[in-house]
Colleague: 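Below: one structure in structure tokens.
Just so you know, these numbers come straight off a predicted model, no measurement behind them. Letters A, B, ... mirror the listed sequences (proteins, then strands); counts begin at 1. Only heavy atoms go into these numbers, but all of them, side chains included; no hydrogens, no water, no symmetry mates.
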Amino acid sequence: MPAHAMDPANGPVVDMLNEIADILEITGSDRFRPLAYRRAARTIEALPKPVSSYIAEGSVSQLAGVGGAISAKVKEFTTAGRVEYLENLRKTIPSGVLEMLKLQDVGPKTAGRLFAELRVTTIDELEKACREHRVRGLKGFGEKTEEKMLQSIEFYRSGGGRFLLSAADGVAAMLVERLGKYAQRISPAGSLRRRRETVGDIDIIASSALPEGIMDAFAAMPEVRNILSKGDTKSSVLLTNGLQADLRVVADESFGAALMYFTGSKDHNVVLRTVSIEKGFRLNEYGLFRREDSSAVAGRSEEEIYGALSMQYIPPELREARGEIEAASANALPALVEEGDVKGDLHCHTDWSDGSSTLEEMAAAAEERGYEYIGITDHSGSEKVANGLSAERMHRQIERIHALNSSGRFRVRVLCGSEVDILPDGRLDYDDDILGRLDYAVGSVHSRFNMEKKEMTERLLTALSNPHLSIFGHPTAREIGRRDAITFDADAVFGAAAENGVLLEVDGSPSRLDLPDALIIEAKKHGCGFVLDSDSHHRTSLADVRYAVGMARRGWLEKKDVGNTLGAAELLKALHA
DNA sequence: GCCGTTTTCGGCCCGACTGTTTTCAGTCG
């Protein structure tokens with residue numbers, strides 16, 4: 001699995017640790033050692049800052065799951081760029097064998113045996129071995145295994161991977177809608193429910209006294225390309241759009257436990273189980289049970305289970321083992337911001353630049369959503385490809401918005417904003433006379449993404465010191481699966497944003513989701529304020545603000561952290577802080 | 001390899017499903 005580290009600098013370290021784990025699993029006898037490497041990898045993957053900064057302050061071995069041996073390897077890797085231990089491990093196994101692990105239903109034992117007994121060293125060779133029916137010659141392997149492997153190879157080559165949350169969201173809603181009539185209760189679970197930025201598959205949990213009915217309906221849906229497995233309580237299908245969907249059915253008294261279990265995260269579940277054991281319980285997908293007599297304590301709802309463990313209810317977005325269990329036990333969970341708290345959108349485009357709805361359509365759509373205000377932020381002049389507004393057109397748009405507001409045509413107040421390019425030298429793309437006329441400016445990076453960290457940090461610090469800048473738009477400028485985050489010194493940039501009162505945007509555009517959660521957490525520590533926007537280019541995508549809300553909740557944000565939960569008058573004051 | 005109010009050893013989540021078995025190993029989540 002490629003690393004999706006919160007700080008891109010940590011990607012190679014995470015890959016290094018996971019590769020060690022992979023090789024140890026294929027060759028090794030100790031099954032816990034690879035787990036230790038994976039745990040350390042997960043910890044480092046979630047770090048908001050380069051692991052080198054933890055090395056510098058001597059705190060690497062204090063990270064969860066990182067002890068003496070692993071911290072030594074991490075240090076060796078960051079200084080030498082390679083790890084002797086891994087170099088030696090690599091000699092024992094061809095890299096193609098590692099790649100086979102990416103195939104569904106091929107794990108370390110299978111890959112190891114294919115290599116040891118058939119000398120299969122690549123996925124291509126595995127395909128050949130299956131076609132020549134050599135795999136079925138191995139003890140414990142048969143005809144169906146060969147067929148499954150060929151299917152997995154095909155799926156892998158067609159790029160079966162993770163999907164944007166927004167793509168999965170619609171499918172999950174369809175599944176819930178379609179299967180709802182067969183269930184007592186039904187809900188999406190998994191990373192989709194936790195509002196992660198990408199999801200690998202869709203998990204649906206349902207309760208029913210008649211599981212066969214819902215299972216049959218699930219497998220018979222027209223969107224099903226093939227059935228991966230089908231049992232009494234659990235089935236998996238591959239949908240025609242390439243997404244995998246899993247359905248799990250339990251009795252209604254276990255619905256909460258199953259929902260909790262399959263919502264995860266895995267790490268959250270592990271910690272929760274540990275806490276359960278400490279308190280004399282056993283927790284599984286059927287409920288919470290007393291250990292001494294196995295009597296049921298809770299299971300009908302998640303609230304009931306957290307309650308029985310003397311905790312506050314933990315919203316799914318927080319279930320990442322980032323201290324939420326400790327906070328819930330201490331009655332100290334944040335009151336997370338909700339979509340209904342948002343009083344207006346501050347990042348919207350119209351057909352004046354690269355949007356496809358008119359100013360009036362956007363205002364009407366904002367009004368329909370019950371917003372108090374909508375900020376229009378078309379692109380500035382440098383954005384030629386996006387039809388950015390020249391100074392002259394920007395002046396005209398301001399006049400137009402003023403006229404619209406005084407016309408009384410809309411109850412919603414239209415704010416004059418702009419998404420102003422942060423130029424490579426850190427200046428904003430409009431002169432002060434325009435910036436001074438705007439209600440506020442959103443500054444964004446749209447060019448020269450590959451600047452060195454030091455230069456990029458300078459660029460951003462210059463922009464953040466501009467008194468006309470109110471909001472730092474999609475701060476990392478990443479596009480999920482397409483473009484990496486820009487690199488900058490997060491401490492310096494967030495510190496400057498806090499000091500200058502520049503609010504950080506959480507952009508809800510489905511392929512941006514920027515800031516991401518770990519950086520939100522980091523920025524909040526610096527005392528930054530935030531805004532939640534849709535970055536919509538069409539009147540229907542104002543609803544994308546829900547993805548910004550999801551990310552904000554994953555970042556532990558409360559209503560008071562978010563500027564656009566304020567009324568218009570207070571907001572304008574905050575934007576000029 | 002990591003970890004610790006069961007602490008320096010002995011655990012490390014655990015249940016469903018599949019394909020191959022004839023009681024289970026491997027994979028997945």
Colleague: Using a 4.0 Å heavy-atom cut-off, does G264(A) contact any base of the nucleic acid, only the sugar-phosphate backbone, or nothing at all?
Modeller: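 Nothing, no nucleic acid heavy atom in range.
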
Colleague: Starting at CE of M149(A) and ending at C1' of dG26(B), how long is that distance when rounded to a whole Å?
Modeller: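 The distance from CE of M149(A) to C1' of dG26(B) comes to 11 Å, rounded to the nearest Å.
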
Colleague: If the test is side chain to side chain contact (heavy atoms under 4.5 Å, CB included), which one of D246(A), I186(A), I214(A) qualifies with I204(A)?
Modeller: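 Option passing the side chain to side chain contact (heavy atoms under 4.5 Å, CB included) with I204(A): I186(A).
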
Colleague: When every nucleotide of nucleotides 9-19 of chain B is labelled 5' to 3' by its protein contacts under 4.0 Å (heavy atoms), B for base, S for sugar-phosphate only, - for none, what sequence of letters results?
Modeller: ---BBBSSSSS

Colleague: Could you please name the option among dT27(B), dG1(B), dT6(B) that lies closest to any side-chain atom of R291(A)?
Modeller: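 Nearest to the side chain of R291(A) among the choices is dT6(B).
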
Colleague: Quickly work out the D203(A) CG to dG29(B) P distance and round it to whole Å.
Modeller: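 The distance from CG of D203(A) to P of dG29(B) comes to 8 Å, rounded to the nearest Å.
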
Colleague: What is the nucleic acid contact for P108(A), judged by heavy atoms within less than 4.0 Å: base, sugar-phosphate only, or nothing?
Modeller: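 Sugar-phosphate, no base atom in range.
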
Colleague: What's the separation between atom CZ in R546(A) and atom CG in D169(A), rounded to the nearest 0.5 Å?
Modeller: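 Spacing of CZ (R546(A)) from CG (D169(A)) equals 5.5 Å.
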
Colleague: Rounding to an integer number of Å, can you tell me how far L138(A) CG sits from dT21(B) C1'?
Modeller: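 Value for this atom pair: 15 Å.
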
Colleague: By nearest heavy atom, map L101(A) and I70(A) onto DNA chain B; which one lands nearer the 5' end?
Modeller: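 Its nearest nucleotide being more 5', the pick is I70(A).
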
Colleague: H268(A) vs I325(A), test: side-chain contact (heavy atoms from CB on, under 4.5 Å). Steps then yes/no.
Modeller: CA-CA 8 Å; H268(A) 177 85; I325(A) 289 171; 3.7 Å; yes

Colleague: For T110(A) and S61(A), find the nucleotide of DNA chain B closest to each by heavy atoms; which residue's nucleotide sits nearer the 5' end?
Modeller: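 Looking at DNA chain B, the more 5' nearest nucleotide goes with S61(A).
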
Colleague: Using whole Å, what does the distance between atom P of nucleotide dG29(B) and atom CE of M260(A) come to?
Modeller: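 So the CE-P distance, M260(A) to dG29(B), works out to 21 Å.
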
Colleague: Using the C1' atom in both, what is the distance from dC2(B) to dT8(B), to the nearest Å?
Modeller: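 Per the computed distance, 12 Å lies between those C1' atoms.
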
Colleague: Measure the acute angle between the ring planes of Y313(A) and Y306(A), then classify it against the limits of 30° and 60° as parallel, tilted or perpendicular.
Modeller: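 Judged by the thresholds at 30° and 60°, the geometry between Y313(A) and Y306(A) is perpendicular.
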
Colleague: Rounding to a whole Å, what distance do you find between I202(A):CD1 and dC28(B):P?
Modeller: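 Checked: the CD1 to P distance equals 19 Å.
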
Colleague: Nearest 0.5 Å please: distance from the OG atom of S61(A) over to the CD1 atom of I70(A).
Modeller: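 If we round to the nearest 0.5 Å, S61(A):OG and I70(A):CD1 are 11.5 Å apart.
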
Colleague: Find the distance E278(A):CD to dT6(B):P and express it as a whole number of Å.
Modeller: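 Result: 7 Å.
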
Colleague: Across all strands shown, which nucleotide pairs with dC24(B) by Watson-Crick or G-U wobble geometry, both distances under 3.5 Å?
Modeller: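 WC or wobble partner is dG19(B).
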
Colleague: Expressed as a whole number of Å, how far does the C1' atom of dT21(B) sit from that of dG26(B)?
Modeller: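 It comes out at 13 Å once rounded to the nearest Å.
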
Colleague: Considering only the C1' atoms, how many Å lie between dT27(B) and dT20(B), rounded to the nearest integer?
Modeller: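 Approximately 14 Å lies between the C1' atom of dT27(B) and that of dT20(B).
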
Colleague: What integer number of Å spans the C1' atoms of dT23(B) and dC17(B)?
Modeller: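 These two C1' atoms come out 16 Å apart once rounded.
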
Colleague: Starting at CG of D22(A) and ending at P of dT27(B), how long is that distance when rounded to a whole Å?
Modeller: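 Going from CG in D22(A) over to P in dT27(B) covers 12 Å.
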
Colleague: Check the distance between dG29(B)'s P and R42(A)'s CZ and give it to me in whole angstrom.
Modeller: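 Answer to the nearest Å: 14 Å.
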
Colleague: If you compare every side-chain N and O of K139(A) against the phosphate oxygens of dA25(B) (OP1, OP2), does one of them come in below 4.0 Å?
Modeller: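 Checking K139(A) against dA25(B): no side-chain N or O falls below 4.0 Å of OP1 or OP2.
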
Colleague: Using the rule salt bridge (Lys or Arg N to Asp or Glu O under 4.0 Å), only one of R31(A), R33(A), R38(A), K109(A) pairs with E25(A); which is it?
Modeller: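 Result: among R31(A), R33(A), R38(A), K109(A), R38(A) is the only option passing the salt bridge (Lys or Arg N to Asp or Glu O under 4.0 Å) with E25(A).
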
Colleague: With rounding to the closest Å, how many angstrom separate the P atoms on dT6(B) and dG11(B)?
Modeller: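 Each nucleotide's P atom is 16 Å from the other's.
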
Colleague: Determine the Euclidean distance between corresponding C1' atoms of dG10(B) and dG15(B); express it in Å to zero decimal places.
Modeller: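 Going atom to atom, C1' in each nucleotide, I get 24 Å.
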
Colleague: Is the shortest heavy-atom distance from the side chain of W556(A) to the side chain of I520(A) under 4.5 Å?
Modeller: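 In short, these two side chains do not touch, never coming nearer than 4.5 Å.
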
Colleague: Describe the nucleic acid contact of L103(A) in one word from base, sugar-phosphate, nothing, applying a heavy-atom distance below 4.0 Å.
Modeller: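 Sugar-phosphate, no base atom in range.
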
Colleague: Please identify each residue that fulfils side chain to side chain contact (heavy atoms under 4.5 Å, CB included) with R131(A), with sequence neighbours left out.
Modeller: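 Listed in chain order: E127(A), L150(A).
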
